[in-house]
Amino acid sequence: MENMHLQPKTIILAFLISLSFLKTTAIKTEAHALLRWRSIDIDGEGCTSSWSLVNSTGPCDWSGVRCNHAGSVISITLYDCNIYGMLRGLDFSALPNIEHLNFGSNNLYGFIPSTISVLAKLVTLDLSWNYFTGPLPLNIGNLTELNYLDFRGNQLNGTIPTQLGSCIKLSELYLEYNQFIGPIPPSLSQLKDLTKFNASVNQFSGSFPIFLLQNGTRLTYLDLSDNQFSGPIPLDVGNSTELEILELSSNSFTGQIPSSLGFLNKLYNLSLNNNFLSGEIPKQLGNMSALEFLNLNYNQLEGTFPTAISMLSSLSFIHASNNNLSGVIDPYLGQNGHLKLINLSNNSFFGELPTHICKGSALEVLQLENNQFSGPLHTCLRNCSSLFFLDLSNNYLRGSLRFFTIKPNLKVLRLSENNMFGNIPAEFGNLTALLHLALGSNHLTSKIPEELTRLRSLQVLELSNNFLSNSIPLHLCRMKYLEVLDISMNQLSGRIPSCLWSMDALKVLNLDSNKLSQRMHSIVGHMTSIQSLHLSNNKLTGDIPLFLKSGSNLTVLDLRNNILYGLVPSWIGTSLPLLRVLCLSSNRLSGKIPPELSELSFLQLIDLSHNNFTGPIPKSFGSFKSMSRRQEGNVDGWPDINFIHNYYEKYIIWDFVYEVIDWKGIEFSFTKTLLLMNGIDLSCNSLSDEIPAELMTLKGLVFLNLSGNNFIGNIPENIGNLNLLESLDLSRNTISGSIPISMTNLTFLAFLNLSYNELSGTIPIGSQLQILTAQSFIGNEGLCGTPLSKLCPGDAMSTESSSKNAHTSDKNGEERIWLFAFVCLGFISGFWLVLGVLFFNKSWNYTYFVLVDNMLQHMMKLFAI
Amino acid sequence: MASSSLLISLASCLLFLALSPALASNSEGEALCAFKSRLSDPNNVLQSWDQSLVNPCTWFHVTCDSQNRVIRLDLGNSNITGTLGPELGRLQHLQYLELYRNSFMGKIPEELGNLKNLVSMDLYENQLEGEIPKSLSKLKSLRFMRLNNNKLTGSIPRELVTLSNLKVLDFSNNDLCGTIPVDGPFSTFPPESFENNKRLNGPELLGLASYDFGC
């Protein structure tokens, strides 16, 4: 019996031994597979550097590796561990028990190997935030145990394989930040356990993948934003009652917002912004009792903002800007006491501002700019103690600023472009947290109060286009963080406080269109940080002052329309190296234009028009470096302002940096397109000599205005080099010779004025010249050809008639024979019979028909005679 | 990249629209934005069009009159690909539509017939298809109409003979059919204006033949 007992025991033992032997080999295989992968594919070992068989029996104690009780690898987690390399050489078949694979946040690249599909037990696969490229492997559908799949943040492309629908246990699927294309495959409707799906920031297209939300879906999180999905958002979306987050922003969805969304009573985040949604906002959205965050910005929505939504108890963030919404805002908006942000800017809302907006004092951001709100502003802003961003600019708000109750936390206050009147109350000096104060384009009167200078944190002070008078308060200079001071278009008089020049932080100083009078050369000071300086349209007199020489940061210098006289100092070319815009027009400056100006290697715009300059255009002007090529629109080098709040971005510089340009014959104020501009305006001076051929190397020029001078000689032959020119004015000079043929290369030329010169010869016919009107060429005795009515010698007949004549005479003899034949035929058989036959002959060509037509004409004449 | 920049430009166009609610040029800016959204612009010629500017008058290749109304669009020879859309018909004050030598595809929208002030329609050397819309006969101010070197088909609409101001017309190098009108301004156009249209059969026979003969 004992023997009998022993025997099976031995067998079992032997079996176990052999099993464990097998197991050790399996473990060894796993270890070797991992080590081999590291040696073949991995350039930077990162945290795998400790992997070794020297001091360990197997991989189970390696960093990031976990094994089961049997010692087989079930999990590899190398998250954010700095490995560089590929997955190509990893022998997945040697790791059959792997359940969790996490290579997220490394530097892995190359394709995702299709061999990964052998991992039949894989539950988690995380390859996020690497540099994987190529498509997803088709056989990914073999991973039927997969529960969590994360490919976000790679450079994967191609379409999503239908086979992914076979991973029926998937509950979380992350594909965002890749370059996937095509539609979401309908097979994903088989993923009944899917709760979270993010496909955002790809190039997916097609219609809304509604199948994801049908038949008892468990989806709580769906993000399709930043793709190219189009078509309507289907009504059925309302069936997916588990949804908590629905993000569809930045697609091309059209049609209405489905009212069925109202059934989603667990949804707390609804983002539909940046689409083409139209129609009204359905009032049923007011049933979404969990809603906290609503974003409808940038659509084409119209109608009112529904009261029911205003009443939602949890709603904290409302974005509905940049739509066509109108009507009166419901007075209950804000009644819930939770509202933190309201952005209804850029719509057509009217009526008074809502009164309960700050109930509960939660409101931090209120943006209602660019609407048609009217009435006073004081009632709505009671209790707004948390408010730090308030923009009500460009409305019809009316009243005195005296009623503006002080919000101690306010950092941004914009009331510009309204109908505020009265003076700026001294109490504004108590808004000590303010960074940005904009009261421009109102009807404010009296002086700028000294108390404003208590706003020691202020970065932007914009009071332009009011009726502010008196002198500029000296104490403004105390605002040591002030970056923008725009008090243009007021009635400020007196002198410019010299301390302004040396304010440490000041980048933009705009004193344009006031009544400042001062002898410029009496100004002393040192200009430290100013980048954009407008002193234009004042009564400043004297020479261009020497103190400007210290403006080594100057980018824009505009002294237009003052009473400056004397020479343009040559140091402008050497001491202001960053200058991009130089405008000295409409003064009484005289003498020669200093050739040193061409050393301004960033200069894009020079306007010396309406002065008394004499002599030639310096030949050195051909070497303006920045004008020799197309501007790429780089913002570097232009004044920028760093605001702490991102709501603020759109105000950066372009509200304050601008230049007025005589553009195609009309003056426009250029802001952001200045970045792309290159132009020269020397018009209305007494400049003489020939137009230097060197100017034709300035291939980036978009406009050139040399009109109203005494230029002689020819238009440079290679003017066609300037192929970005949109506006060219050489009128009212004594330019002679013919118009260069190369001018027909100027395919963007929209405005050309060559009138009142001594040009002669034929106006070239070409793409853009032909369609211009005679206005462009009149006052040149010797010019002929279209569009002038004067014909050119030897061109008595227009080209078309002469060519037609040639055509006819060639065929004349032949024609006569045919003529008689046809006369006979016509009389005998009648035209219809003949033509009827001929019509079936498809081979009749153009020439033949010309013949026929001419013959008929001849025939008519014959009969007439 | 292309798509994201498209989205950005769309977004900024929308921004632009929203920022200029009360301006005359609002609908024109909107139309130009819609037009831009159809286009692929590898040379970045439309770079200046994506801004939140008060009107399109400081955009490059757009010209306004003193009332900030768009009167010219100059995009000839710009390496642009895309289609012409009905929105172009909303540029009510447009006088010059210069879109020649690009790769515009698709049909000429019949809405171009709404451009009552149009003086010049230069669509030559593109890849436009379909028929010449009859609606173009509403362009009573038109002096230049150059549609040559495209893939236009169908017959020449007889209604065009009413364009009495037409001075220059070029339909050559297309795939037009039927016969050539002889009335109105057509009596002055040279045969070169119609050459290389294989199925175009010559001047009509004084009303004796159907004008779409052979189509």
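In what follows, every chain begins at residue 1, and chains take the letters A, B, ... in the order their sequences are listed.
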Does any part of the side chain of [Y], heavy atoms only, come nearer than 4.5 Å to the side chain of [X], both counted from C-beta?
{"X": "B:Glu98", "Y": "A:Phe748", "result": "no"}
{"X": "A:Glu726", "Y": "B:Arg72", "result": "no"}
{"X": "A:Ile771", "Y": "B:Arg146", "result": "yes"}
{"X": "A:Phe751", "Y": "B:Thr63", "result": "no"}
{"X": "B:Leu53", "Y": "A:Phe670", "result": "no"}
{"X": "A:Thr786", "Y": "B:Lys167", "result": "no"}
{"X": "B:Gln95", "Y": "A:Thr773", "result": "no"}

Tell me whether B:Gln127 at atom CD has more than 12 heavy atoms from other residues, nucleotides or ligands lying less than 6.0 Å away.
yes

Please indicate whether B:Lys140 has more than 12 foreign heavy atoms, meaning atoms of other residues, nucleotides or ligands, lying under 6.0 Å from its NZ.
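Correct, the count exceeds 12.
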
To the nearest 0.5 Å, what is the distance between [atom1] on [X] and [atom2] on [Y]?
{"X": "A:Leu676", "Y": "B:Trp59", "atom1": "CG", "atom2": "CH2", "answer": "13.0 Å"}
{"X": "A:Gln631", "Y": "B:Ser48", "atom1": "CD", "atom2": "OG", "answer": "13.0 Å"}
{"X": "B:Arg101", "Y": "A:Thr747", "atom1": "CZ", "atom2": "OG1", "answer": "7.5 Å"}

Heavy-atom closest pair, residues [X] and [Y]:
{"X": "B:Asp74", "Y": "A:Leu749", "result": "OD1-O, 4.0 Å"}
{"X": "B:Cys64", "Y": "A:Phe668", "result": "CB-CZ, 3.9 Å"}
{"X": "A:Ile666", "Y": "B:Ser66", "result": "CD1-N, 3.3 Å"}
{"X": "B:Asn44", "Y": "A:Arg630", "result": "O-NH2, 2.6 Å"}

Interchain contact, [X] with chain A, by part (heavy-atom threshold 4.5 Å):
{"X": "B:Leu73", "value": "neither"}
{"X": "B:Val168", "value": "side chain"}
{"X": "B:Asn43", "value": "backbone"}

Is it the backbone or the side chain of A:Gln179 that comes under 4.5 Å from a heavy atom of chain B, or both, or neither?
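Contact with chain B involves no heavy atom of A:Gln179 at all.
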
Chain B contact via A:Val201 - which portion, at a heavy-atom distance below 4.5 Å:
neither

Checking B:Phe60 against A:Leu724 for the side chain to side chain contact (heavy atoms under 4.5 Å, CB included) test, could you report, in this order, the C-alpha distance in whole Å, the side-chain angles of both residues, the deciding distance, and whether it holds?
CA-CA 10 Å; B:Phe60 287 9; A:Leu724 298 180; over 6 Å; no

Any donor-acceptor pair under 3.5 Å from A:Thr673 side chain to B:Thr58 backbone
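At least one qualifying donor-acceptor pair exists.
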
